[in-house]
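Each remark here refers to the structure printed beneath this line.
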Amino acid sequence: MKKKDYRNILSQYSLRGFAFGLILAVLIILLSLDAGPVKQTGEGLWSLLYLVPGMWIVVFFPFIFAFLGYQVSSVFVRALRKQHKRIKKEASKTRMVLGFIDNLRQGKLDEIIPNNRKHDALTNALIKLREFMIQSKKEQEQRRLEEEQRAWVTQGLAQFAELLRKNNDNLEELSYNIIHYLVNYMKINQGGFFLLNQPETGEEGEKYFEMTACVAYDRRKFADKIIKWGEGLVGRCALEKETIYMTDVPDGYVNITSGLGEATPGAILIVPLKANEEIYGVIELASFRPFQQFEIEFVEKLGESIAVTISTVKTNIKTSKLLKETQIQAEKMAQQEEELRQNLEEMTATQEESERREIEMQGILDAIDHAAISCEFETDGTLISVNHNFLNTFKYRPEEIEGQNLKIFFFKEDEPELDKILSQLQKGQNFRGRVRRRTKLGEEIYLLTTYSPVVDNDGNIMKILSLENDVTEQVKMEEALKRSKEELGIMLEEARNEVKEHFKEIEAVKIRNEKTLEGALDAIITTNKDGILEFFNAAAEKLWGYSREEVLGKHVSKLFSKNTAKNDPFVSAFVNPGENKIIGQRKEVPILNKYGEEVPVLFLLSEAQVGDDHSYTAFIQNVEVELF
């Protein structure tokens, strides 16, 4: 509001107070003039003022109320002024806030807020908001930059994984493709690939680095360069197993050549190809511009993948060599096993012949047991009667043995045995056994004897009945056979020991080969001709998710989906017995892991044949690469 408006308000309220006081004063005076004393005097107002001095106050009522109206309006005007100032201040603040918001909308975050607003709470809040938005913008820009870098790394790793998957048979060609890819993708000037060569176990020689590939300005260069282990920056990088990054490159260390001349690069990056703390080679990159940190980390990640691929290629070469040696050894062992089997069959036939003869001898003994060599004697051994065969056997005449005791037919040292037999018979027990006897001429004979007590109705022993067969020849044959068996047992034991030694050698070779295959980075499985799994290494357990206890002895179709086993010619031939397998060709096929997921792999199948038995060994490489 303007000052004129405030004066009008003061004037209006003053006039209204004056008019109200005037009307009130007139009413009071008019009412007072009707009073009796005033009428009696007849002088009117002056008489009233004289009689009632307090009426003078009534007379001044217009001025009094005019003053009161002025004072009330003054208070109201001051309140309006304060309210107007507050509204004006809030409007200014609102305009400032709207302007600030408009600047924020337009991205003008550097606009300065007036100093007179510095200590205002809203202003401070807006300043903090602006600072927060400036920080958020910086963080958003940083995130965008990091996202671009991450996308660059992700795309590079994906392309590189495809490159490694397609080129993993020839190390020299692989090294050129790797370094060519890096130089182009990173837009740098020059790169070299150094492959570590080291002697096999048991061979003499020192390990060294050989430059197998070199690329500059997108063109292939051929350089034969040898660096000994530990020499130069390449040797130091391999020895320390750490990345070397240089921006202060000495003159003459390496030159980048173009059509315009030569120049020293501005930055050198040397990265070891390391997997499981083992060095397989070194990559050296040169550029006129410095390498950024994410580019260095990208090359280091690629170094791990390259090292794993080189290790896999070398392992495949070594495994193929070992497999050929194993097949040759298996064939030799199969021949030795066949010879041992024939020897065992011959020894088994000899043993069966001995058993057959023993059975025949037992039949002879049974027949002799029924022969007619018999006699009767008392319980004390006194002879009662003998038959003709008895006399012929012992070469006695009847009168010579009449009333004699059985002791005359025993050697002196065998009489205790006779006493024992008689004691047994006296107790009513039968005796059956082979007994050594003595003829009249002192000859030693053996009889298979059966002594049976004959009892009366009262159970008393009347006599002893003896039935005997001459088994002297059998005893002699048994002794000879025993000696033969002992000799044969010695021969069999020697043959068994020899067979055990051969089997130990076979088992040792088998265990050594299985351990060699067990340590391979690629998954390796072996099946027999019926498709039953016989070998499942640790890499196969990791790839499929099964433990070897879950799959060994099971059919190989367990490792593939039904659709793949039916429609893929390679897998169908592999899982179905009797079909011709695709041998020696690397195929990409999907496998089915324990969790029902199909995983693409490279599959190479080899065959081993020993006699009529076939076995198939598969080398499987996972083609998936983890990017982070």
Side-chain angles (χ1 to χ4, degrees), residues 350-489:
T350 303
Q351 187 174 4
E352 291 176 351
E353 180 66 19
S354 299
E355 292 176 353
R356 185 184 63 79
R357 290 180 180 180
E358 186 174 355
I359 293 172
E360 291 179 355
M361 291 301 300
Q362 186 63 41
I364 294 172
L365 291 176
D366 291 339
I368 294 173
D369 186 55
H370 296 87
I373 300 175
S374 65
C375 68
E376 296 177 358
F377 56 89
E378 301 287 348
T379 55
D380 60 357
T382 302
L383 288 170
I384 300 174
S385 63
V386 297
N387 68 352
H388 181 73
N389 291 332
F390 187 94
L391 296 173
N392 290 336
T393 300
F394 290 96
K395 298 179 176 56
Y396 280 97
R397 293 193 300 272
E399 62 273 15
E400 291 177 342
I401 62 173
E402 186 177 354
Q404 296 291 331
N405 194 284
L406 287 177
K407 290 182 179 181
I408 65 173
F409 308 110
F410 284 81
F411 290 94
K412 194 69 176 178
E413 60 270 19
D414 294 334
E415 289 182 1
E417 182 182 358
L418 175 62
D419 294 335
K420 184 178 179 180
I421 295 173
L422 292 175
S423 176
Q424 182 179 342
L425 294 172
Q426 291 169 2
K427 295 178 181 178
Q429 300 176 1
N430 292 329
F431 172 82
R432 186 177 184 276
R434 190 169 62 187
V435 180
R436 188 177 70 151
R437 295 291 186 89
R438 176 178 178 275
T439 66
K440 178 180 178 181
L441 302 177
E443 298 171 341
E444 182 184 65
I445 63 172
Y446 289 86
L447 300 179
L448 185 60
T449 302
T450 300
Y451 295 150
S452 300
V454 179
V455 299
D456 57 11
N457 294 331
D458 298 328
N460 298 319
I461 298 175
M462 300 171 53
K463 59 181 178 180
I464 306 297
L465 178 61
S466 172
L467 295 175
E468 299 173 311
N469 293 311
D470 189 356
V471 293
T472 303
E473 292 298 327
Q474 178 184 350
V475 171
K476 292 179 179 179
M477 291 177 63
E478 286 179 352
E479 290 178 353
L481 183 59
K482 183 178 180 182
R483 289 192 297 270
S484 299
K485 289 180 68 176
E486 290 176 352
E487 293 175 357
L488 181 59

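Numbers here are sequence positions counted from 1.
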For Glu413, all residues meeting salt bridge (Lys or Arg N to Asp or Glu O under 4.0 Å), sequence neighbours excluded
Arg436
Residue pair Val435 / Asp414, side-chain heavy-atom distance below 4.5 Å:
no
Val386 and Cys375 have their tightest heavy-atom pair at CG1-CB, 3.6 Å
Separation of Arg437 CZ from Thr449 OG1 (nearest 0.5 Å):
5.0 Å
How many angstroms lie between atom CG of Asn460 and atom CG of Asp458, to the nearest 0.5 angstrom?
5.5 Å
Using only atom types and a distance under 3.5 Å, with no angle test, would you say the side chain of Gln424 pairs donor to acceptor with the backbone of Asn430?
yes
More than 12 non-hydrogen atoms from neighbouring residues, nucleotides or ligands closer than 6.0 Å to CD on Glu402, yes or no?
no
d(Tyr451 OH, Leu425 CG) to nearest 0.5 Å is 8.0 Å
Has Lys395 got more than 12 heavy atoms of other residues, nucleotides or ligands less than 6.0 Å from its NZ?
yes
Roughly how far, to the nearest 0.5 Å, is the CD atom of Glu378 from the CG atom of Leu406?
10.5 Å
Shortest non-hydrogen pair, Glu468 vs Phe390, comes out as OE1-CE1, 3.8 Å
Atom OH in Tyr396, atom CD1 in Ile401: separation rounded to 0.5 Å?
8.5 Å
Smallest separation among heavy atoms of Thr393 and Thr439, with atom names
O-CG2, 3.7 Å
Kindly determine whether Asp470 and Asn389 satisfy side-chain contact (heavy atoms from CB on, under 4.5 Å), including the steps that lead there.
CA-CA 10 Å; Asp470 189 356; Asn389 291 332; over 6 Å; no
Is Glu376 reaching over with its side chain to a backbone N or O of Ile384, donor-acceptor style, under 3.5 angstrom?
no
Sub-4.5 Å side-chain heavy-atom contact between Phe377 and Thr382:
no
How close do Asp419 and Lys407 get, heavy atom to heavy atom, and via which atoms?
OD1-CE, 3.9 Å
Do you know which two heavy atoms are closest between Leu422 and Asp380, and how far apart they sit?
CD1-O, 3.7 Å
Rounded to the nearest 0.5 Å, how far does CZ of Arg438 lie from CD of Glu444?
11.5 Å
Take Arg432 and Leu467 through the test side-chain contact (heavy atoms from CB on, under 4.5 Å) and record every step on the way to the result.
CA-CA 9 Å; Arg432 186 177 184 276; Leu467 295 175; over 6 Å; no
With sequence neighbours left out, what residues match Lys440 under salt bridge (Lys or Arg N to Asp or Glu O under 4.0 Å)?
Glu400
Report the C-alpha distance between Arg397 and Leu391 in whole Å, list the side-chain angles of each, state the deciding distance to 0.1 Å, and finish with yes or no for side-chain contact (heavy atoms from CB on, under 4.5 Å).
CA-CA 6 Å; Arg397 293 193 300 272; Leu391 296 173; over 6 Å; no
Between His388 and Asn392, what is the shortest heavy-atom contact and its length?
NE2-ND2, 2.7 Å
Hey, what's the ring geometry for Phe394 with Phe409, parallel, tilted or perpendicular (30° and 60° as the breaks)?
tilted
